[in-house]
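Input: a single structure, listed below in structure tokens.
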Amino acid sequence: MCSLEKKGNVFLLTLTGTDDHRLHPDLIDSISAALRRVRSESTSSSALITTAEGKYFSNGYDLKWAFVDIARQQLMSRKLRRLVSDLITLPMPTIAAVTGHASAAGFVFVLCHDYILMRKDRGFLYMSELDIGFPIPIWFSALVKCKIGSPAVWREVVMKAAKVTGEVGVKMGIVDSVYAGVEETLEAAIKLGEELVRRNWDGKVYAGCRKTLYVELLNKLGSDETVGDYGDDEANKTLSKL
Ligand SMILES: CCCCCCCCCCCCC/C=C/C(=O)SCCNC(=O)CCNC(=O)[C@H](O)C(C)(C)COP(=O)(O)OP(=O)(O)OC[C@H]1O[C@@H](n2cnc3c(N)ncnc32)[C@H](O)[C@@H]1OP(=O)(O)O
């Protein structure tokens with residue numbers, strides 16, 4: 001699950017435990033509940049840092065749980081899309097302190113943050129769908145295009161399922177900065193959070209700017225459940241057979 005601490009006006013949300021933090025509905029609910037607390041407890045200029053314990057930030061959807069039936073798949077997809085919308089509309093700067101692997105939906109969770117700081121020595125950003133035999137959902141693609149500026153990098157990340165280390169992520173324009181290890185990454189994230197808090201921005205205006213910037217993504221998040229995440233029956237039929 002996750003914990004939430006407040007250090008001054010910087011909130012630290014941590015995915016706790018040494019498992020691979022699969023985005024099962026229960027974990028998504030726990031993160032969403034923490035974000036509701038952040039919204040209610042942030043009385044002035046604030047910032048959110050998201051990090052995780054262990055060698056994984058999040059290894060993506062809990063496919064074992066999801067593939068029991070299509071209703072579970074749609075529930076997990078709906079909850080993740082709502083969490084993404086929560087992050088995009090959060091009235092404060094968000095920082096992902098990536099101290100472990102982030103795969104597929106876990107990578108999407110990282111990409112939803114305004115800033116990405118990552119440890120140098122361990123951890124991949126890995127859009128693994130091609131390797132595990134799934135097309136990426138339409139809204140994943142909208143997020144990738146909102147957050148990553150180069151079609152050559154889209155190809156590497158999505159069409160080659162590259163395992164992107166922190167240092168390569170900086171070169172690709174995905175990661176803002178890299179650090180020697182977990183402690184250094186967290187320290188840098190807190191320092192950045194405090195700097196951003198000192199700018200004393202109006203949270204509503206901050207959220208408004210981000211919503212405008214990512215309007216294409218927000219529109220795709222509301223995709224109609226009946227067509228699932230793919231907008232075409234073929235892909236959804238395949239999924240429902242799994
Ligand atoms: C229609 C209705 C709606 C549908 C929606 C819901 C339905 C779902 C279907 C939809 C599918 C589309 C969208 C999918 C979303 C998902 O999330 S699906 C789940 C995706 N998850 C995965 O595929 C898991 C991927 N993870 C992995 O393959 C591995 O965990 C890993 C990331 C590759 C890490 O490997 P692992 O063995 O687990 O860990 P390590 O031992 O730490 O690393 C392996 C080796 O790599 C070395 N290493 C680690 N970091 C670095 C580094 N930074 N630089 C260099 N090397 C590194 C590490 O030392 C290990 O090396 P060895 O010790 O030599 O093995």
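All ligand and atom numbering here is 1-based and tracks the order in the structure.
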[Y] backbone acceptor or donor facing [X] side chain under 3.5 Å:
X	Y	answer
D176	I116	yes
R82	I28	no
T51	A97	yes
T165	V168	yes
S177	L117	no
S58	H21	yes

Just let me know how [X] lines up against ligand 1, side chain, backbone, both or neither, with a heavy-atom cut-off below 4.0 Å.
X	answer
K55	side chain
R22	side chain
H101	side chain
Y61	both
A105	both

If you count the atoms of ligand 1 from 1 in the order shown, which ones are under 4.0 Å from a heavy atom of [X]?
X	result
E129	12 (C), 13 (C), 14 (C), 15 (C)
I132	18 (S), 20 (C), 23 (O)
P135	12 (C)

Taking N or O atoms only and a 3.5 Å limit, does [X] qualify as a polar contact for ligand 1?
X	result
G123	yes
Y56	yes
T165	no
S128	yes

Tell me the nearest of N59, D121, I136 to atom 30 (O) of ligand 1, using heavy-atom distances.
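Looking at heavy atoms only, the winner is N59.
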
Option of least heavy-atom distance to atom 13 (C) of ligand 1 (set: A104, P137, G54)
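The nearest heavy atom belongs to P137.
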
Are the aromatic ring centres of F109 and F57 under 6.0 angstrom apart?
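Under 6.0 Å, so yes.
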
